There are 2 protein chains.
Amino acid sequence: MALAHALLAALHQEPGTGYELTRRFELSMGNFWQASHQQIYRELGRMAQQGWLELQLQPQQGKPTRKVYSVTTEGLAALRDWLQQPQPPAVLRDDLLVKLYAGAENPAAVQAELLRHRALHADKLATYQALAAGCFACPQDLPRAEQFIYLTLRAGLSYERQWLAWCDETLSALQELG
Amino acid sequence: MALAHALLAALHQEPGTGYELTRRFELSMGNFWQASHQQIYRELGRMAQQGWLELQLQPQQGKPTRKVYSVTTEGLAALRDWLQQPQPPAVLRDDLLVKLYAGAENPAAVQAELLRHRALHADKLATYQALAAGCFACPQDLPRAEQFIYLTLRAGLSYERQWLAWCDETLSALQELG
DNA sequence: TGTCAATATGCAAATAGTTGCATAAAAAAA
DNA sequence: TTTTTTTATGCAACTATTTGCATATTGACA
């Protein structure tokens, strides 16, 4: 149940509503964990029932009541416990490589897809670089907890740079293959 | 339904049984797409029903009948069609980064996990390097279709090298953070 | 001779994730 | 002034993946 732990990590950094968490997952956390708002609301409900979260209701006129979740003592204990449990590394699982595997059936289509992906990776890399230059310009001066968050951004940078380089390498190889 | 297309790619390269495919997914294809035998048997059944695969029964005395699947004309058409459809790139989704995000709660546990993952990535890299030096020693001399497969192995190498380098970089950063 | 690993197949249940739909008001843009 | 976007929530259905169980033979090891 890694989504639950990702939500614990996010809410421990700062309490928030389902909506705010969805935003956060689109920005910094989405770098390494993705979740839709439907998934998040459902999981928050479960976690609150389990006692990992408590919620404070903030009624608003006209709009639905804001439900602000924060991590309970049990929730923090669960997060700490999970931090100590060994987990298998993320495995590569990529459609594009399945396509490349069968690439001899249509090299031109695979080349086009590689070019498209190359551009998407370049975009994402640029976004991360802008974030690193902006919010994290002086990582040493950040509060301790945010220095750890900065290290996750560096993973994103490394990941995107790697794919960009691999796309280039593979496009060259395809050219030579003809 | 990417598993179906991965199976089409594998069976188009060479027909086989569910069991053989499970082996293949553990070796070369498992590099970028993982599937359990349960998943594979079920999917093969669906695909055969759909007309993408045909099966040849090879009764064996004592053992269950071997079901050898091969790709039909419709199956190949489906594979070719899929090759042309744009797909989003693989996104990073990693427990370890969730842990690092919340790392201030227990830096020692995160450091231990990074060291463990570093070793696992080094192992996998060594396996890929051995495969590259063995089966793919002279990639230029391979049949055309296998040159594409070689390019997927190069992706695996690139991926593991990147994680190894990132683990080292992050371990250093953690040391400085104290 | 008994046990264990490998070969070879598959069902069922649980968990996780995606997609489609639905509501409803405020604020901003056309 | 009408439309679109943003804020804010959630259910239901579907697809995908994982985990646990189940069967049954061959060949190797102890």
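Note that these values count all heavy atoms, side chains included, but never hydrogens, waters or copies made by symmetry. Computed from a predicted model, the values in this text were never measured in an experiment.
- Side-chain N/O atoms of B:R66 and base N/O atoms of D:dT25 include no donor-acceptor pair closer than 3.5 Å.
- Figure legend: B:R23 and B:Y19 shown as a cation-pi pair, the cationic atom lying under 6.0 angstrom from the six-membered ring centre and within 45 degrees of its axis.
- Listed candidates were D:dT9, C:dA8, D:dT18. Nearest to the side chain of B:Y41 is C:dA8.
- Rounded to an integer number of Å, the gap from B:F25 CZ to C:dA8 P is 18 Å.
- Direction of the helix axis in the helix from C:dT1-D:dA30 to C:dA30-D:dT1 shifts by 30° between the two five-pair termini, rounded to 10°.
- Between A:W82 and A:H5, the two ring planes are parallel [angle under 30°; tilted spans 30° to 60°].
- Taking 4.0 angstrom as the limit, A:R42 places none of its side-chain polar atoms (N or O) nearer than this to OP1 or OP2 of C:dA16.
- A:A132 approaches A:L157 most closely through the heavy-atom pair CB-CD1, 4.3 Å.
- Looking at heavy atoms from C-beta onward, A:K67 lies in side-chain contact with A:Y69 at the 4.5 angstrom threshold.
- Nearest-nucleotide positions on DNA chain C place A:Q34 closer to the 5' end than the other of A:H37 and A:Q34.
- When the side-chain nitrogen and oxygen atoms of B:Q39 are compared with OP1 and OP2 of D:dT18, one or more of them lie within a distance under 4.0 Å.
- Taking the six-membered ring where tryptophan is involved, the planes of A:Y159 and B:W163 are tilted, since the angle between them lies from 30° to 60°.
- Donor-acceptor pairing under 3.5 Å, judged by distance alone, is absent between the side chain of B:R93 and the base of D:dT17.
- When distances run from any side-chain atom of B:L3 to the nucleotides D:dT7, C:dG10, D:dT17, the shortest one goes to D:dT17.
- A sub-4.0 Å separation between OP1 or OP2 of D:dT9 and a side-chain N or O of A:T17 is present.
- Separating the CG atom of B:L44 from the C1' atom of C:dC11 is a distance of 16 Å, rounded to the nearest angstrom.
- One atom, CG of A:L57, and another, P of D:dT9, lie 11 Å apart when rounded to the nearest Å.
- Counting only distance, with no hydrogens or angles, the side chain of B:R93 and the backbone of A:Q34 share a donor-acceptor pair below 3.5 Å.
- Between the C1' atom of D:dC14 and the CZ atom of B:R46 lies a distance of 11 Å, rounded to the nearest Å.
- Residues forming a salt bridge (charged side-chain N to carboxylate O under 4.0 Å, His left out) with A:E54 (at least two apart in sequence, or on another chain): none.
- Closest to the side chain of A:Q38, out of D:dT19, D:dG10, D:dT9, is D:dG10.
- Side-chain nitrogen and oxygen atoms of A:R23 include at least one within less than 4.0 Å of the OP1 or OP2 phosphate oxygen of D:dT7.
- For D:dT9, the OP1/OP2 oxygens have no side-chain nitrogen or oxygen of A:Y19 closer than 4.0 Å.
- The distance between atom CE of B:M47 and atom P of D:dA16, rounded to the nearest whole Å, is 12 Å.
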